[in-house]
Amino acid sequence: MEENNEEPREEWTLFLWTTFAVLVPVLITLWCSFQRPKRKIQLKDLFRKSKHGWHYTDLFNKPTYCCVCCQPILQGAFCDCCGICSDEQCIQRADRILSCKEIMTQNQTDGKFCHQWVKGNVPLASYCGVCKQQCGTQPKLCDYRCVWCQTTVHDDCLSSLTDDLCDLGEFHSVIIPPCYLYQVNKLRRRHPDEYSKLAAVYGSGWTPVLVLANTRSGNNMGEILLGEFRTLLNPVQVFDLSELPPSKALQLCTLLPPGSVRVLVCGGDGTVGWVLDAIDTMKLKGQDQFIPLVTILPLGTGNDLSNSLGWGAGYAGEIPVEQVLRNVLEAEVVKMDRWKVQVASKGNYFRKPKVLSMNNYFSVGPDALMALNFHVHREKTPSFFSSRIINKAVYFLYGTKDCLVQECKDLDKRIELELDGEQVTLPNLEGIIVCNIGNWGGGCRLWEGMGDEPYPPTRVDDGLLEVVGVYGSFHCAQIQVKLANPVRLGQAHTVRLVLKSSRMPMQVDGEPWAQGPCTITITHKTQALMLYHSTEQTDDDDSSASEVEDHIDTSSNAPQTESS
């Protein structure tokens, strides 16, 4: 009997110990998760006064060691510019004794300057620049990393370095050296020729890249990308568009050699349009020679422009930022048409027409209604729309709702369409889409589509707009899964739509609004210099600015806007 009583007692003891062993780590993790936002708020004021770009970190992010006290960090911060890590108690001391990346410095020798070493926390896959053995294998702070060229060396090998000059490493051709900015600041005569003379020491292939990231786009990758690019580049060439508008950020182009700058826009199609509008402002100021080439890292929901230019339908960290920079250097230059959309409301003769810029497409009907509903709800609860998957799911729900309600039916009775001055007879439609690029609705090819009748592929530089119609939300869904074709209404250099009655949802490049009776006129505005990514590169990656200009002038056979 005693043995039978002991067996249940042992089972209960084992059950209690197992429960305790599982619950305690879970409770500790939950407690730390609840405390993390509070700690971030408490440390914000301290971070704001610092010379480092501190960001909160703790034991649950990744194992790191404090560069001051050399102890493992339970709660602390890391600098996304230089990579220094500090425990919470050592942050102020780290500010005093450890320097961050200097965006401007005087010391240089033939365009080079000394390495700036940071001890510890080097990447595990790195190798020593002296002995070529693996670094980062020891958990303690025993290896060094240069914050500019990313070279890593062992503690024992550091003293045997014969040359302490930094060449900026693999990405020297895209980094703005701090010594260049110092020399520019000392110039008495601010002239483009002077910038070219200063840049000659860095070689003919020097093409600095400015990174403009929108932290509010798509899937919240912007904040991570800002830190990764600040680590690789000069922090002065990485901009957060939630803090600084692109018109201010692009003024850095006027301090660099003309025709040499490339701008990497990390965001959705709306962010790209925002940047291109800022570039148009530069043209109005007479700064045409400083106009940069624009490329995209897609972070938005649809990313149709990015897809058309070969940069993919969305970025979620699947390739490292180093490869992103390599792709930017290998990209081809193409011209892209930009269009002016004038909306003149009926009856308001003394009010100026509403003027918008269009890169992708203008639409009226069910897809604009979905965009409008999405936009309204995102403005109310922006934190909910932080994932690309959630955003597309919400679009699907609104599309399903419109299939039942049909708010845009009988559009053909309420609107008139003119293509190059000729009126088009409309079938029984619910929506009209005017396209500049080949992709629409998250990657759907509207104009080529399916079927036996041949249609010329769309181009971004031909000065033509493709106009199609849809029968409703269900028809849009069928087009996206390639079960149906849109109604092709024609191509034109100028498109005019007259909304005769009622209010209809409209959108330009994903920016929706509800519009009453009006006249919409779409005309050619200008052309933007974009970068096209292709797996087969034919251009010389190290061509000078003058060669790029020659290529642009002779690029009548610019690549078609097909997805790579």
Self-check item: Leu531 side chain near Leu309 side chain, heavy-atom distance below 4.5 Å
Solution: no
Quiz item: Taking Glu322 for the side chain and Pro320 for the main chain, is one N or O donor matched with an acceptor at less than 3.5 Å?
Solution: no
Self-check item: N/O donor-acceptor pair under 3.5 Å between Gln287 side chain and Gln251 backbone
Solution: no
Quiz item: More than 12 foreign heavy atoms under 6.0 Å from NZ of Lys340: is that the case here?
Solution: no
Quiz prompt | Closest non-hydrogen atom pair, Val153 against Gly129 | solution = CG1-N, 3.9 Å
Exercise. Could you tell me whether the side chain of Ser363 and the main chain of Ile433 form a donor-acceptor pair under 3.5 Å?
Key: no
Quiz item: How far does CD1 of Ile84 sit from NZ of Lys101, to the nearest 0.5 angstrom?
Solution: 11.5 Å
Quiz item: If we only count heavy atoms from C-beta on, is the Asn327 to Thr295 side-chain gap below 4.5 Å?
Solution: no
Exercise. Show the numbers, then the answer: is there a salt bridge (charged side-chain N to carboxylate O under 4.0 Å, His left out) between Asp277 and Arg338?
Key: CA-CA 10 Å; Asp277 285 340; Arg338 302 193 71 221; 2.8 Å; yes
Quiz item: Does Gln507 use its side chain to pair, donor to acceptor, with the backbone of Gly510 at less than 3.5 Å?
Solution: yes
Exercise. Could you tell me which non-hydrogen atom of Leu255 sits nearest to which non-hydrogen atom of Val184, and how far apart they are?
Key: O-CG2, 4.1 Å
Practice problem: Verify the distance criterion only: is there a donor paired with an acceptor across the side chains of Asp269 and Asn360 at less than 3.5 Å? | Solution: yes
Quiz prompt | Exam field: side chain His154 to backbone Gln134, donor-acceptor pair closer than 3.5 Å | solution = yes
Quiz item: Side chain of Ser306, backbone of Gly312: donor and acceptor closer than 3.5 Å?
Solution: yes
Quiz item: Hey, does the side chain of Gln237 reach the backbone of Val209 with a donor-acceptor pair shorter than 3.5 angstrom?
Solution: yes
Quiz item: So, the side chain of Thr105 versus the backbone of Glu102: is there a donor-acceptor pair under 3.5 Å, distance only?
Solution: no
Quiz item: Is there a side-chain contact between Leu329 and Ser173 (heavy atoms, below 4.5 Å)?
Solution: yes
Quiz item: Looking only at heavy atoms, what is the nearest atom pair of Ser308 and Tyr532, with distance?
Solution: O-CE1, 3.9 Å
Quiz item: Are Thr207 and Val261 side-chain neighbours, meaning at least one heavy-atom pair lies under 4.5 Å?
Solution: no
Practice problem: List the steps, then state whether side chain to side chain contact (heavy atoms under 4.5 Å, CB included) holds for Asn439 with Cys444. | Solution: CA-CA 5 Å; Asn439 286 285; Cys444 177; over 6 Å; no
Quiz item: Can you find a side-chain donor-acceptor pair between Asn121 and Thr64 that sits under 3.5 Å?
Solution: no
Quiz item: Any side-chain heavy atom of Tyr144 within less than 4.5 Å of one from Thr152?
Solution: no
Quiz item: If you measure from CG on Leu168 to OH on Tyr202, what distance do you get to the nearest 0.5 Å?
Solution: 8.5 Å
Exercise. Can you see which heavy atom on Val263 is nearest to which on Leu212, and at what distance?
Key: CG1-CD1, 3.9 Å
Self-check item: Heavy-atom check, side chain of Ser99 versus side chain of Gln116, under 4.5 Å
Solution: yes
Quiz item: How far does CG of Asn303 sit from CD1 of Ile296, to the nearest 0.5 angstrom?
Solution: 8.5 Å
Practice problem: Verify the distance criterion only: is there a donor paired with an acceptor across the side chains of Glu466 and Thr458 at less than 3.5 Å? | Solution: no
Self-check item: Spacing of Glu194 atom CD and Lys197 atom NZ [to the nearest 0.5 Å]
Solution: 4.5 Å
Quiz item: Would you say the side chain of Cys149 lies within less than 4.5 Å of the side chain of His115, judging by non-hydrogen atoms?
Solution: yes
Quiz prompt | Between Arg145 and Gln150: side-chain donor-acceptor atoms closer than 3.5 Å | solution = yes
Quiz item: Which pair of heavy atoms, one from Pro257 and one from Ser196, lies closest together, and at what distance?
Solution: CB-OG, 4.1 Å
Quiz item: Would you say the side chain of Gln289 lies within less than 4.5 Å of the side chain of Pro192, judging by non-hydrogen atoms?
Solution: yes
Quiz prompt | Sidechain-backbone polar pair: His493 side chain, Leu464 backbone, donor-acceptor under 3.5 Å | solution = no
Quiz item: Distance from Tyr56 atom OH to Phe78 atom CZ, nearest 0.5 Å?
Solution: 12.0 Å
Practice problem: Just do the side chain to side chain contact (heavy atoms under 4.5 Å, CB included) check on Trp447 and Trp440 with the steps written out, would you? | Solution: CA-CA 10 Å; Trp447 188 251; Trp440 164 86; over 6 Å; no
Quiz item: Between Asp87 and Tyr65, do the side chains contain an N or O donor and an N or O acceptor separated by less than 3.5 Å?
Solution: no
Quiz prompt | Pair Met358-Asp509, side chain to side chain contact (heavy atoms under 4.5 Å, CB included): steps then yes or no | solution = CA-CA 6 Å; Met358 186 186 87; Asp509 293 352; 3.8 Å; yes
Self-check item: Nearest-0.5 Å distance that lies between atom CG in Leu446 and atom SG in Cys435
Solution: 4.5 Å
Quiz item: Aromatic rings Trp513 and Phe362: how do their planes relate, parallel, tilted or perpendicular, breaks at 30° and 60°?
Solution: tilted
Quiz item: With distance as the sole test, does Trp206 use its side chain to make a donor-acceptor pair with the main-chain N or O of Ile175 at under 3.5 Å?
Solution: yes
Practice problem: Not counting sequence neighbours, which residues clear side-chain contact (heavy atoms from CB on, under 4.5 Å) with Ile103? List them please. | Solution: Asn234, Pro235, Val236
Practice problem: Quick one: closest heavy-atom pair of Gln527 and Asp337, and the distance? | Solution: NE2-OD1, 2.8 Å
Quiz item: Trp339 and His524: aromatic ring centres closer than 6.0 Å?
Solution: yes
Quiz prompt | Stepwise side chain to side chain contact (heavy atoms under 4.5 Å, CB included) check, Val355 with Val341 | solution = CA-CA 6 Å; Val355 179; Val341 180; over 6 Å; no
Which pairs would a plain distance check flag for residues 224-233, meaning a side-chain donor or acceptor within less than 3.5 Å of a matching protein atom at least two apart in sequence or in another chain?
| from | atom 1 | to | atom 2 | distance (Å) |
| --- | --- | --- | --- | --- |
| Arg230 | NH1 | Asp80 | OD2 | 2.9 |
| Thr231 | OG1 | Asp80 | O | 2.9 |
| Thr231 | OG1 | Gly227 | O | 2.9 |

Practice problem: Inspect the surroundings of NZ in Lys51 and state if more than 12 heavy atoms from other residues, nucleotides or ligands are less than 6.0 Å away. | Solution: yes
